[in-house]
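Step one of this worksheet: look at the structure below.
Quick caveat: nothing in here was measured; it's all calculated off a predicted structure. The chain is numbered in sequence order, starting from 1.
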Amino acid sequence: VISLAFAGAAQAQIGPDDPIRIALVHGTSGHAFEAFSKQTQTGFELGLEYATDGTMTVKGHPIELIYKDTQFKPDVARAVLAEAYGDDDVLLAVGATSSGVTKGLLPIAEEYERILIVEPAVADSLTGPESNRYVFKTSRNSSMDMQAQALALRPDENLYVATLAEDYAFGQDGIAAFKSALDGTGAHVVDEEFVPQGTTDFTAAAERMFNALKDQPGRKVILIYVAGGGDPMGKIKAMEPERYGIEISTGGHILPVLPTYKVVPGMEGAIYYYYESPDNPINDWLVETHMERFDGPPDFFTAGGMAAALAVVQALETAPELETEALIETMEGMSWETPKGTMTFRPEDHQALQSMYHFKIRVDEGVDWAIPELVREITADEMNIPVGR
């Protein structure tokens with residue numbers, strides 16, 4: 001039950017000399033996903049720098065970032081977001097990292113009548129029936145991952161697929177989206193395996209997938225959709241699926257994981273971002289600046305964090321007033337430029353529509369990781385992304 005009196009009283013009031021306070025609500029301790037959070041924070045800070053020409057001000061107001069650690073715990077996440085909206089009086093918040101944790105933040109944004117920009121959590125359900133008008137999502141969603149992945153597999157009636165995912169919102173939504181993407185193509189999903197988060201032994205699941213696929217008459221593929229560690233691809237590859245004519249396919253990943261892709265040269269899939277794929281001035285700046293400052297290229301969620309910051313600054317600059325309702329009206333249908341090119345907040349559910357990239361793995365002994373070499377850009381209008389609410 002939403003307390004309207006409490007929520008109304010919590011409206012942010014930014015005076016002429018006040019800073020614009022923005023909360024970054026991410027898990028920075030206690031989980032394997034910490035790397036995702038740190039990349040997002042770096043990208044967000046770089047995005048603010050780029051969008052404000054280094055001034056870190058909008059309309060004469062300095063931007064003040066407030067950092068909140070969710071510890072990847074849903075109850076802690078809800079408490080720190082409420083604290084950000086209430087005690088810290090932030091105008092808006094950005095977060096969080098895990099889809100499961102982020103789901104619990106949606107009602108807090110509604111209760112306080114403040115904007116929550118979801119980045120980098122992925123699950124479709126974050127803009128689904130449990131979401132609300134205060135939630136905008138700059139990150140990709142599972143349907144984009146899986147529709148792009150399906151396009152990269154070139155599905156037809158000769159394709160037989162077994163799927164492997166972790167048993168929580170990200171994995172469940174992803175496999176549902178993949179099956180939906182195959183509708184009408186004639187392709188067959190013959191087995192679905194869901195394993196607990198943090199699984200490191202995939203033997204039993206792999207054996208079940210092998211058994212479901214090995215006697216099929218056409219092209220046989222194991223699709224892996226796992227966000228965490230555990231190296232399921234390497235472990236399943238070590239079980240020699242090729243003896244049954246079975247291929248492995250998976251989406252792209254962050255740079256520290258890409259060395260594991262060296263075991264699958266020639267594999268095709270779809271990726272949200274790889275620093276060499278987009279060709280635009282913002283990405284050029286991001287790559288060059290990140291190389292200079294961090295002695296390495298930007299990664300998946302660095303680009304996502306920057307995209308969120310660029311959306312925030314454009315909305316703040318464009319909205320007639322620095323308050324929630326004016327921002328919502330401005331952001332619904334808003335298009336803006338990012339390291340991935342143009343993104344657009346769909347008015348119906350506030351999901352940012354965006355490109356994905358079809359890749360083919362190339363192994364270069366002089367590069368530490370496997371290179372997801374660009375086959376082609378898959379544009380937003382090629383994907384039929386379901387409206388969440």
Side-chain angles (χ1 to χ4, degrees), residues 22 24 26-56 63 65 67 69 72 94-97 119-120 138-140 227-231 233-234 250-265 269 271-313 337-341 354-357 359-374 377:
I22 299 170
L24 289 186
H26 290 106
T28 54
S29 61
H31 201 281
F33 288 178
E34 283 177 40
F36 303 171
S37 302
K38 289 171 181 172
Q39 289 179 18
T40 302
Q41 178 177 322
T42 297
F44 195 85
E45 291 167 351
L46 288 172
L48 291 179
E49 179 183 339
Y50 182 90
T52 64
D53 292 323
T55 67
M56 298 297 280
I63 295 171
L65 289 181
Y67 302 92
D69 179 10
F72 296 94
V94 180
T97 311
E119 179 68 47
T138 52
S139 54
R140 76 203 196 273
D231 189 21
M233 185 165 61
T250 191
H253 218 304
I254 61 172
L255 292 171
V257 177
L258 286 181
T260 66
Y261 285 50
K262 286 194 171 190
V263 298
V264 285
I271 192 167
Y272 162 78
Y273 175 84
Y274 179 67
Y275 70 99
E276 293 181 331
S277 296
D279 182 14
N280 63 69
I282 296 177
N283 191 56
D284 291 346
W285 182 90
L286 173 60
V287 172
E288 183 180 344
T289 304
H290 201 279
M291 289 282 201
E292 287 174 359
R293 296 188 191 172
F294 303 103
D295 197 29
D299 211 339
F300 239 66
F301 300 110
T302 325
M306 186 174 189
L310 294 169
V312 167
V313 173
E337 296 307 311
T338 79
K340 294 181 60 180
Q354 56 197 277
S355 292
M356 299 286 286
Y357 302 95
F359 69 83
K360 185 172 185 176
I361 289 296
R362 178 168 65 85
V363 175
D364 181 335
E365 292 310 315
V367 180
D368 290 342
W369 54 82
I371 299 164
E373 196 163 56
L374 181 66
E377 180 179 348

- Message: Can you confirm whether Leu48 sits close enough to Val313 that some side-chain heavy atom of one is under 4.5 Å from a side-chain heavy atom of the other?
- Response: yes

- Item | Asp284 side chain to Asp279 backbone, donor-acceptor under 3.5 Å | no

- Message: Measuring from atom CD of Glu45 to atom OG1 of Thr302, what distance do you get when rounded to the nearest 0.5 angstrom?
- Response: 11.5 Å

- Message: Would you say that Leu286 contacts Tyr275 through its side chain, given a criterion of any heavy-atom pair below 4.5 Å between the two side chains?
- Response: no

- Gln354 vs Thr338 side-chain heavy atoms within contact, under 4.5 Å: no

- Query: Are Arg293 and Glu49 ion-paired here, with the side-chain N under 4.0 Å from a carboxylate O?
  - Reply: yes

- Does a side-chain heavy-atom distance below 4.5 Å link Pro265 with Arg362? no

- Message: Main chain of Ser355, side chain of Lys340: is a donor-acceptor contact present, judged purely on distance under 3.5 Å?
- Response: yes

- Is any side-chain heavy atom of Glu34 less than 4.5 Å from a side-chain heavy atom of His26? no

- Message: If I compare all heavy atoms of Pro339 with all of Leu310, which pair ends up nearest, and what's the gap?
- Response: CD-CD1, 4.1 Å

- Query: Take atom NZ in Lys360; do more than 12 heavy atoms of anything else shown fall under 6.0 Å from it?
  - Reply: no

- Rounded to the nearest 0.5 Å, how far does CG of Asp364 lie from CD1 of Ile371? 5.0 Å

- Task: Heavy atoms only: give me the nearest Ala308-Thr138 pair and the separation to one decimal.
- Result: CB-OG1, 3.6 Å

- Item | Shortest non-hydrogen contact from Gln39 toward Phe300 | OE1-N, 3.9 Å

- Message: For His290 and Phe294, take the angle between the two ring planes, folded into 0 to 90°, and tell me which bin it lands in: parallel under 30, tilted 30 to 60, perpendicular over 60.
- Response: tilted

- Item | Gap separating the CG atom of Leu65 from the CE atom of Met56, nearest 0.5 angstrom | 5.5 Å

- Item | Residue pair Phe44 / Ile22, side-chain heavy-atom distance below 4.5 Å | yes

- Message: Show the nearest heavy-atom pair for residues Val264 and Met233, with the distance to one decimal.
- Response: CG2-SD, 3.8 Å

- Qualifying residue, where the test is side-chain contact (heavy atoms from CB on, under 4.5 Å) with Ile254 and the options are Tyr273, Phe301, Trp369, Tyr272: Phe301

- Item | Side-chain heavy-atom pair Gln41, Tyr67 within 4.5 angstrom cut-off | yes

- Task: Mind listing the closest non-hydrogen atom pair of Pro120 and Thr40 along with its distance?
- Result: CG-OG1, 3.5 Å

- Assess whether side-chain hydrogen bond (donor to acceptor under 3.5 Å, both in side chains) is satisfied between Ser37 and Thr97, documenting all intermediate values. CA-CA 6 Å; Ser37 302; Thr97 311; 2.6 Å; yes

- Closest heavy-atom pair, Ile361 versus Pro372, reported as atoms and distance to 0.1 Å, is CD1-CA, 4.0 Å

- Message: Could you tell me if the side chain of Tyr274 sits less than 4.5 Å from the side chain of Phe359, heavy atoms only?
- Response: no

